[in-house]
Trainee: 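Dumping the structure here so I can ask a few things about it.
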Amino acid sequence: QLLEGEITHFALKAQRPLDFQQIINIRNIQETARFLHAELPVRFANRIRSLEELPGWRSIPALVDVRTSYVESFKDLRLVAVDDRSDFRAALQRVKQRHGKVVQLLTTGLRDLQHARPLELSPTFVDAFLNEFFLSRIGTELIREQYMTVERSNGRGSGIIDPECAPLEVITRAARDAGRLCDYHTQSAPTVQLFTPRLMTSPLRFAFVSRYLYYVVFELLKNSMRAVSEKGPAADESDLHSGEGARRPTYELEGTNTRLPPVRVVLAGDSETMHIKVSDRGGGIPLALQPKIWSYLYTTATPAHVKVSHTGIDGPATTNGNGVPPLAGFGVGLPLSNLYTQYFGGRLRLVSLPGFGTDAYVQLPGLLGNVQEKVARGWEPIRAGNQDANAAVPSYAGVSLHYPTAPVLLG
Ligand code: W6P
């Protein structure tokens with residue numbers, strides 16, 4: 001079939017990582033449209049072929065749906081006239097619409113598939129597969145949204161990459177929203193104190209994507225506030241004034257229960273790099289659970305919560321039926337936050353002390369520096385004539401599909 005041949009052809013092309021500098025100030029809309037028109041089909045084709053390597057994907061409706069979305073978007077882009085601006089805009093709008101539920105569908109799809117074929121699909125493989133897929137999605141979403149916002153303003157406004165992003169404002173907004181959500185669900189919320197170095201009290205500006213920064217910080221604050229609120233009031237008055245609290249915060253967002261130890265945020269950095277620390281005294285994470293918080297196969301929400309799904313970034317915001325998102329959702333918030341930082345070459349680390357509390361560290365680069373996007377691993381076709389049986393096993397980031405057949409016993 002013609003389409004199949006074309007998908008293979010595009011899946012074999014190299015994906016081209018983008019310099020953020022190039023798309024912060026889009027000077028030539030048509031040139032940018034041509035880049036998207038050439039690049040998006042390559043990335044979509046890579047995802048289509050990778051998805052098809054999952055054993056038994058056809059038996060999971062959610063996975064069939066995801067594949068169909070990618071195939072339809074591939075076709076859409078191959079058929080659209082790139083130099084007709086309104087046609088191209090309409091095609092991108094359809095892509096956006098079509099891919100709104102991909103995170104939810106792919107996560108449930110892989111959970112179901114892993115459940116159905118536990119010996120063929122190791123949890124490590126499933127997590128690596130989803131990380132690659134979602135990393136790719138972050139890239140295509142960012143490029144598409146950046147182009148669409150610039151195109152809409154006819155090149156005059158800035159895109160979703162804000163050269164003047166104000167982290168202080170983003171963090172205070174995330175803290176206010178997380179506090180409201182926490183209070184709604186647990187009938188209490190701790191105070192959030194925000195600390196900045198002395199020299200940084202003037203509003204710091206930084207080239208970044210405000211909505212991604214918000215997503216990551218909101219996710220961390222939500223986790224911290226939930227932990228503190230569920231653990232309850234500090235046992236000792238001095239717990240309320242220890243650590244950073246000995247200093248005066250730059251900002252304080254008062255919670256609804258001042259008996260709870262506050263969540264403390266530190267914002268530091270310069271025009272090149274931004275660092276955020278979120279500290280809570282919410283009791284920490286048991287050591288055995290610590291690796292699981294990065295897995296898509298794990299959620300702290302009860303089954304009743306899981307149905308209401310996650311608080312998406314551009315997907316339909318999912319709610320509990322009253323229009324309010326859940327406090328503990330779909331179990332993808334932390335792994336996705338991790339991907340958002342990695343996509344920009346940044347990092348997200350947690351240091352948790354069981355029985356005490358958790359510190360989360362975010363590091364992100366300013367996008368006016370020499371920063372390139374991190375592109376997902378491409379599809380690696382199984383070469384004909386390769387006699388090595390192991391070479392036919394798909395792998396992501398070096399993680400193979402199967403559980404090892406037998407443990408290697410040393411000594
Ligand atoms: C917790 C669990 C957690 C996850 C992520 C960030 C902060 C926290 N605090 O207790």
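Each ligand, and each atom within it, is numbered from 1 in the order the structure gives.
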Trainee: Please verify the inter-ring angle class for F133 with F129; under 30° counts as parallel, over 60° as perpendicular, anything in between as tilted.
Mentor: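 The rings of F133 and F129 sit tilted, inter-plane angle from 30° to 60°.
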Trainee: Between R67 (side chain only) and A62 (backbone N and O only), is there a donor and an acceptor less than 3.5 Å apart?
Mentor: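 Such a contact is absent between R67 side chain and A62 backbone.
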Trainee: Could you list the donor-acceptor pairs under 3.5 angstrom formed between side-chain atoms of residues 155-166 and any protein atom two or more places apart in sequence or on another chain?
Mentor:
residue	atom	partner	partner atom	Å
D162	OD1	E164	N	2.8

Trainee: Which pairs count as salt bridge (Lys or Arg N to Asp or Glu O under 4.0 Å) when at least one residue sits in residues 350-364, sequence neighbours excluded?
Mentor: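 Non-adjacent pairs meeting salt bridge (Lys or Arg N to Asp or Glu O under 4.0 Å): zero.
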Trainee: Are there any protein N or O atoms under 3.5 Å from the N or O atoms of ligand 1? List them with distances, or say none.
Mentor:
residue	atom	partner	partner atom	Å
ligand 1	9 (N)	D280	OD2	2.8

Trainee: Using the six-membered ring wherever Trp is involved, compare the ring planes of Y340 and Y212 and label them parallel, tilted or perpendicular (cut-offs 30° and 60°).
Mentor: tilted
Trainee: Side-chain polar contacts of residues 13-23 - donor-acceptor pairs under 3.5 angstrom, sequence neighbours left out - could you list them?
Mentor:
residue	atom	partner	partner atom	Å
Q15	NE2	A376	O	3.0
Q21	NE2	L368	O	2.8

